[in-house]
Amino acid sequence: MSPASSHALKHPPVTAPSEPAGADSDFPELAVAVGRPRRRGRGAQSNARGRYEAEARVAFDDGWQSLEDLPPFKTSVAVDTSRKVITRNDSPDIGFDRSINPYRGCEHGCVYCFARPTHAYLGLSPGLDFESKLFVKPEAPSLLERELAAPGYEPRMIAIGTNTDPYQPIERERKIMRGILEVLERASHPVGIVTKSALVVRDIDILQRMAKRNLAKVAISVTSLDPKLARTMEPRASTPPKRLEALKQLSEAGIPTTVMVAPVIPALNDSEIERILDAAAHAGVKEASYVLLRLPLEVRDLFREWLMANYPDRYRHVFTLIRDMRGGRDYDAKWGERMKGTGPMAWTIGRRFEIACDRLGLNKRRSKLTTDHFARPKRNGDQLSLF
């Protein structure tokens, strides 16, 4: 398609959000929505190109009804050839400085996922591309072993699942996450896992052995106990009962577990905070945390589309509350505030969470992982030590 074509635009046809008061009068972003049959089982409503693309292409009916012939979105998998697997960060408001992401993109399709904008770096859409065009790192275990063996490496907890889910459906076949855990166990290296998949119980054998040496802990995100809301927001993630059962099995195996009420979305799932914590406590969980909904970059418009398509009656109220907690904006990325928000509504959510945790005996003690057992992997050709 040539740049001069009427199908090509210099910018995607998604304007900045209007104030909630006029929300239902003008939604140009809905013009780029993909038909329901083509995106069945997906979270995003559209596939607008990312912010780095010079042009955006929009499918429209030219009178030949050819849109009906377009194929549905199917999951495709490509190989990520990165030569390093440990990612570093120096953010002052998160509790780790390194992480691993076995996959790029996530088939769970959570519409609110703050990792969606990373697909724009690949020239792909943070929308439907993010959940259907996946990249795997098959060499991740061997790359990790090499990095841990480096002479200057200093061990600290590695976080896994902080960007895309390491136990998304493709892991059942690829088993990259299990390979990573095998390397970490051999090196006696601490790991913290975040997931919303019950598939994590597959690796209880490794995690249990590591937990006995204070080397592993697992956090599972439970966003809602309402099966309809959960399926609409997170179409290919494990159901809420499956996640609670996974927490129970992990806890019974002696693995430190945390329930994450994340994200908390005002006027959508915030009323469930106490119920989620109560269910998790009955499953044996001892720790809990929460994160307020974050809408960076393209996530804002994707969430707006989803909200208008599924809960149009709540649109104005949800965004009014979001802006009340973000200093009048849709999102504020300020360190120290981006996870919890500010203002009376944010304070109320935080206070409710704290009161519920106190009542249930959660967060009385925090599990701490250790690096005392770390054993640097041997590299091929390494000279044996005399001492």
Side-chain angles (χ1 to χ4, degrees), residues 20 43 93-95 108-116 161-163 165 194-196 219-235 237-240 243-244 247 257-281 283 285 287-296 299-300 302-304 306-307 310-311 314-360 362-363:
D93 59 351
I94 56 178
H108 280 160
C110 306
V111 69
Y112 53 73
C113 182
F114 65 85
R116 284 181 176 274
T162 58
N163 199 43
D165 202 310
V194 178
T195 182
K196 55 171 58 74
I220 294 183
S221 172
V222 181
T223 314
S224 173
L225 298 181
D226 179 345
K228 183 177 184 299
L229 176 58
R231 181 59 65 220
T232 305
M233 278 200 303
E234 310 157 336
S238 296
T239 63
R243 295 183 222 181
L244 291 171
L247 284 168
T257 54
T258 298
V259 62
M260 295 183 64
V261 187
V264 174
I265 306 174
L268 202 62
N269 72 341
D270 63 309
S271 62
E272 298 188 67
I273 292 174
E274 290 83 359
R275 290 178 56 224
I276 293 172
L277 292 175
D278 186 65
V285 172
E287 298 180 33
S289 65
Y290 80 96
V291 178
L292 192 66
L293 174 70
R294 298 168 58 191
L295 298 176
V299 181
R300 178 197 63 183
L302 291 167
F303 181 74
R304 291 180 71 230
W306 176 87
L307 197 57
N310 293 283
Y311 299 95
R314 303 193 197 185
Y315 172 82
R316 294 194 223 181
H317 190 38
V318 170
F319 264 90
T320 295
L321 294 175
I322 287 173
R323 288 164 179 167
D324 284 347
M325 294 187 286
R326 297 296 188 187
R329 297 181 289 274
D330 294 325
Y331 181 57
D332 184 357
K334 187 183 301 180
W335 282 328
E337 297 181 1
R338 56 180 178 163
M339 305 295 184
K340 308 297 183 184
T342 58
M345 183 64 179
W347 180 88
T348 301
I349 288 174
R351 194 74 187 101
R352 285 174 51 202
F353 180 86
E354 292 170 358
I355 292 172
C357 286
D358 286 344
R359 174 174 56 83
L360 296 167
L362 299 174
N363 295 334

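For the single chain, residues carry numbers from 1 onward in sequence order.
Here the closest heavy-atom approach between residue Phe353 and residue Ala288 is recorded as CZ-C, 3.6 Å. Between Lys196 and Ser221, the shortest heavy-atom distance links the atoms CB-O, 3.7 Å. Looking at every heavy atom in both residues, Pro266 comes nearest to Val318 through O-CG2, 3.5 Å. Listed here is the closest heavy atom pair of Leu277 and Ala356: CD1-CB, 3.6 Å. Smallest separation of non-hydrogen atoms from Ala267 and Leu321: CB-CD1, 3.9 Å.
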Inset, instruction - Kindly determine whether Leu225 and Leu244 satisfy side-chain contact (heavy atoms from CB on, under 4.5 Å), including the steps that lead there. - result: CA-CA 10 Å; Leu225 298 181; Leu244 291 171; 3.9 Å; yes

Legend entry - side-chain contact (heavy atoms from CB on, under 4.5 Å) between Val291 and Phe114, intermediate numbers included: CA-CA 12 Å; Val291 178; Phe114 65 85; over 6 Å; no

Inset, instruction - Carefully, step by step, assess Asp330 and Arg323 under the rule side-chain contact (heavy atoms from CB on, under 4.5 Å). - result: CA-CA 5 Å; Asp330 294 325; Arg323 288 164 179 167; 2.6 Å; yes

Inset, instruction - Evaluate the side-chain contact (heavy atoms from CB on, under 4.5 Å) criterion for residues Arg326 and Glu337: first the C-alpha distance (whole Å), next the side-chain angles of each, then the deciding distance (0.1 Å), finally the verdict. - result: CA-CA 9 Å; Arg326 297 296 188 187; Glu337 297 181 1; 5.6 Å; no

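With sequence neighbours excluded, the residues forming a side chain to side chain donor-acceptor pair (under 3.5 Å) with Glu234 are Tyr112, Thr223, Arg243, listed by chain and number. Shown here are the salt bridge (Lys or Arg N to Asp or Glu O under 4.0 Å) partners of Arg329, two or more places apart in sequence or in another chain: Asp332.
The distance from the CD atom of Glu287 to the SG atom of Cys357 is 10.5 Å, given to the nearest 0.5 Å. Rounding to the nearest 0.5 Å gives a distance of 4.0 Å between CG of Leu247 and CD1 of Ile220. In this structure, NE2 on His108 lies 4.5 Å from CG on Asp165, to the nearest 0.5 angstrom. In this structure, Leu307 CG and Met233 CE are separated by 11.0 Å, a value rounded to the nearest 0.5 Å. Expressed to the nearest 0.5 Å, how far OG of Ser271 lies from CD1 of Ile265 amounts to 11.5 Å. Atoms CG and CD1, from Leu293 and Ile322 in turn, are 5.0 Å apart once rounded to the nearest 0.5 Å.
Residues Val261 and Glu272 form no side-chain contact, since every pair of their non-hydrogen atoms from C-beta on lies 4.5 Å or further apart. Side-chain contact between Thr239 and Pro227: absent, with no pair of heavy atoms (C-beta onward) separated by less than 4.5 Å.
Between the side chains of Arg304 and Tyr315, at least one donor-acceptor pair of N or O atoms lies under 3.5 Å.
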Under 3.5 Å, which donor-acceptor pairs link side chains of residues 340-351 to any protein atom two or more places apart or in another chain?
from, atom 1, to, atom 2, distance (Å)
Lys340, NZ, Tyr290, O, 2.4
Thr348, OG1, Pro344, O, 2.8
Arg351, NH1, Glu354, OE1, 3.2

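Between the Arg116 side chain and the Cys110 main chain, a donor and an acceptor come within less than 3.5 Å of each other.
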